[in-house]
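Note that this is a predicted model, so its numbers are computed, not measured. Scope of the values below: all heavy atoms of this structure, side chains included, with no hydrogens, waters or symmetry mates.
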There are 2 protein chains.
Amino acid sequence: MAEEKKNATIYDVAAAVGVSLATVSRVVNGSENVRPATRDKVRAAIEELGYRPNAVARGLASKKTTTVGVVMPDMTNLFYSELTRGIDDVANMYQYDVLLTNTDDDPKRAVTAIRNLADKQIDGLIYMGSQLSKQVQEAMKMADVPVVLAGSVDQKGILPSVNIDYQAAFEEVTNRFLSEGQERIALVVGSADRPIDVDYRRAGYALALEKVGRDVDESLTFSGPRSYEDGQALAAQIHASGARAAIIYDDEVALGVLNGLQDAGVKVPDDFEIVSANNTTFTMVARPELSSIDQPKYDIGAVAMRLLTKLMDQDSLNQKQVILPHTMVNRASTKSAKRN
Amino acid sequence: MAEEKKNATIYDVAAAVGVSLATVSRVVNGSENVRPATRDKVRAAIEELGYRPNAVARGLASKKTTTVGVVMPDMTNLFYSELTRGIDDVANMYQYDVLLTNTDDDPKRAVTAIRNLADKQIDGLIYMGSQLSKQVQEAMKMADVPVVLAGSVDQKGILPSVNIDYQAAFEEVTNRFLSEGQERIALVVGSADRPIDVDYRRAGYALALEKVGRDVDESLTFSGPRSYEDGQALAAQIHASGARAAIIYDDEVALGVLNGLQDAGVKVPDDFEIVSANNTTFTMVARPELSSIDQPKYDIGAVAMRLLTKLMDQDSLNQKQVILPHTMVNRASTKSAKRN
DNA sequence: ATGAAAGCGCTAACAC
DNA sequence: GTGTTAGCGCTTTCAT
């Protein structure tokens, strides 16, 4: 009954009812200033004609696209895809659509992506890259839209962000190993130069050691591995370093190390303990299951998106740098789990 | 030097150079009909003013948004996120942006998503849902844009799609178990009613049995599990069914079954063999590693997106139903791997 | 409460 | 080659 061939425009609806465009626009946008009778007639016509507002035209006229850009390193990494799931769900809740771009954590690609998203007139941006280069910040400035970082830190504290306290988490894990008498604890991070790795993860590790009067032994710190295979390859090196425990920033890498070690005959957790940091499904499928820092991944994304909606509505934020709580999940890759 | 506060428009550029809008539009769009000298001046002004075309305005005027919609069940499932990675990379290659929506494989949400994407005037759509309900097809028709299915089949063969030959793959796996003398082979699929599960996966399984004169034993077929935990829970049932081998449609589920079985003391592959179907990272991290059908996931997405670009360019397709090759990866969850 | 009219920033005939 | 002129489909003052 309500089948039309060519897409009806607001003009068609107006003509059908015998009112002006403005009136139709008002009922579509839920304005109060429309007589109920008129409103009903307009609604009927909209239904009848199968009218749906053209979001592009609306975007041009209103300068709001109800679209947010999301720039992420890699959607095939469970950590990021779970963050993004949180973002997406909240975005839908607030009627925003998500324009997604993978950058492989390459700052150059991030810059291109942000510029491109800006051209599309996104209303806001969520950025998950592990670094915030000058060029990326510049691109954000040019984009001239609210930005929220998710799982990504701005050391200057200028951009709003949602994270856990990485330093505290890494310090806790290190402490725990220390209190169990571990003498040689390895640290595996993603890079040797990015703030999140150097100033937070490694800093937490170093702080714990420092508090018991020890220095970081460079031969026990590793950086660079990104995949399961990288982790497997790293296992031999870690073992050769004389480490008897390791705290590893990524679950897939941790699982690679775990399996690499075990395939080489090392007993986990008896001869070697491992703690991972993202608590994705990978930690549970491992044998032994991996102990891990738990980050509320979905929530980090969800909260970041929620902050962004506020910013897009010109609301003020109670808190710019949101730190969500993390916990420790004790499983079988650490000895203490057995004690319990 | 080229810093401006308010975004320059095409009009500003035209005024700066002393030409008309049309000329600027021509150089921006790479038209031949511009005198080189003019072109250079315009380019200089564009650079100088930091002008970037407003994609929304362009979209409204040209009726092309260079944006494609992607409707997927769940980006936290590695199978789908790898498909999407392929889509995204090819989309970027052809200068398209991706508007992503997760639907949890709920047809209702898929309908809403498609309508919404249509409102945003996407140029094309990639759909990955495991079913193609009437309403979804209707929504696609209304959207009035080219559609390509990725990892999703249209039994009527109307919509272009990219898949592997699921039936052949499942038949092969079943055959293999049969040829090894397996008597009780379980089948685990995602649903009891969707075409991809019933008419392809299960059909392949049934066909192999039929060819050796056997019927499908309903007590050996399972449907519904979606997660690792579901798989773990299912392990007991599968074992109780007397099955000694299983072919499982999803890697996480397969890993759940594997671990569930092993945790209950079942020896894999000696007492029970498992073959999974997506060959994601999960198959490699398992112990024993999971044998699996390998689907070229990234390529399925990439090819689907490539087809879509052709369709959007009004090109014709050589082939509407693309079937990409699958292979078998023999690992330690099946006995034959040991023989090799 | 409703309408008229002016854009939003761009593309696309159509002239010259 | 380049300019003029309509729109694209909508929102948004400003009147009434």
task: Please determine if a side-chain N or O atom of B:T23 lies less than 4.0 Å away from the OP1 or OP2 oxygen of D:dT2.
output: no
message: I need the full list of salt bridge (charged side-chain N to carboxylate O under 4.0 Å, His left out) pairs touching residues 120-136 of chain B, with sequence neighbours left out, sorted by first then second residue.
response: A:D97-B:K120
field: Residue pairs passing the salt bridge (charged side-chain N to carboxylate O under 4.0 Å, His left out) test where at least one lies in residues 139-149 of chain A, sequence neighbours excluded
entry: A:D144-B:K6
- prompt: Can you check the B:I46 CD1 to C:dC10 P distance for me, whole Å?
  reply: 10 Å
Interatomic distance, A:E32 CD vs C:dT2 P [rounded to whole Å]: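 It is 13 Å, rounded to the nearest whole Å.
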task: Determine, for B:D119 against A:R58, whether the closest basic-nitrogen to carboxylate-oxygen distance falls under 4.0 angstrom.
output: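 Salt bridge: no.
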Residues which pass side chain to side chain contact (heavy atoms under 4.5 Å, CB included) with [X], listed by chain and number, not counting sequence neighbours:
X	value
A:L311	A:P146, A:V148, A:P160, A:L317
A:K63	none
B:D313	B:Y96, B:D315
B:K156	B:Q137, B:D154, B:I158

- request: For residues 298-311 of chain A, pull every pair meeting side chain to side chain donor-acceptor pair (under 3.5 Å), keeping only residues two or more places apart or in separate chains.
  value: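 Qualifying pairs: A:D89-A:Y298, A:Y94-A:R306, A:R306-A:T309.
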field: DNA chain C contacts made by residues 36-44 of chain B, counting heavy atoms under 4.0 Å
entry: none
Please report, to 0.1 Å, the donor-acceptor pairs under 3.5 Å made by any side chain of residues 36-45 of chain A, with sequence neighbours excluded.
from: A:R39; atom 1: NH1; to: A:S31; atom 2: O; distance (Å): 3.4
from: A:R39; atom 1: NH2; to: A:V34; atom 2: O; distance (Å): 3.1

Net bend of the helix from C:dA1-D:dT16 to C:dC16-D:dG1, end axes of five pairs each, nearest 10 degrees: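 Roughly 30°, once rounded to the nearest ten degrees.
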field: side-chain hydrogen bond (donor to acceptor under 3.5 Å, both in side chains) partners for B:T103, two or more places apart
entry: none
- line: Nucleotide by nucleotide, nucleotides 8-16 of chain D touches protein heavy atoms under 4.0 Å in the pattern (B base, S sugar-phosphate only, - none) BBBSB----
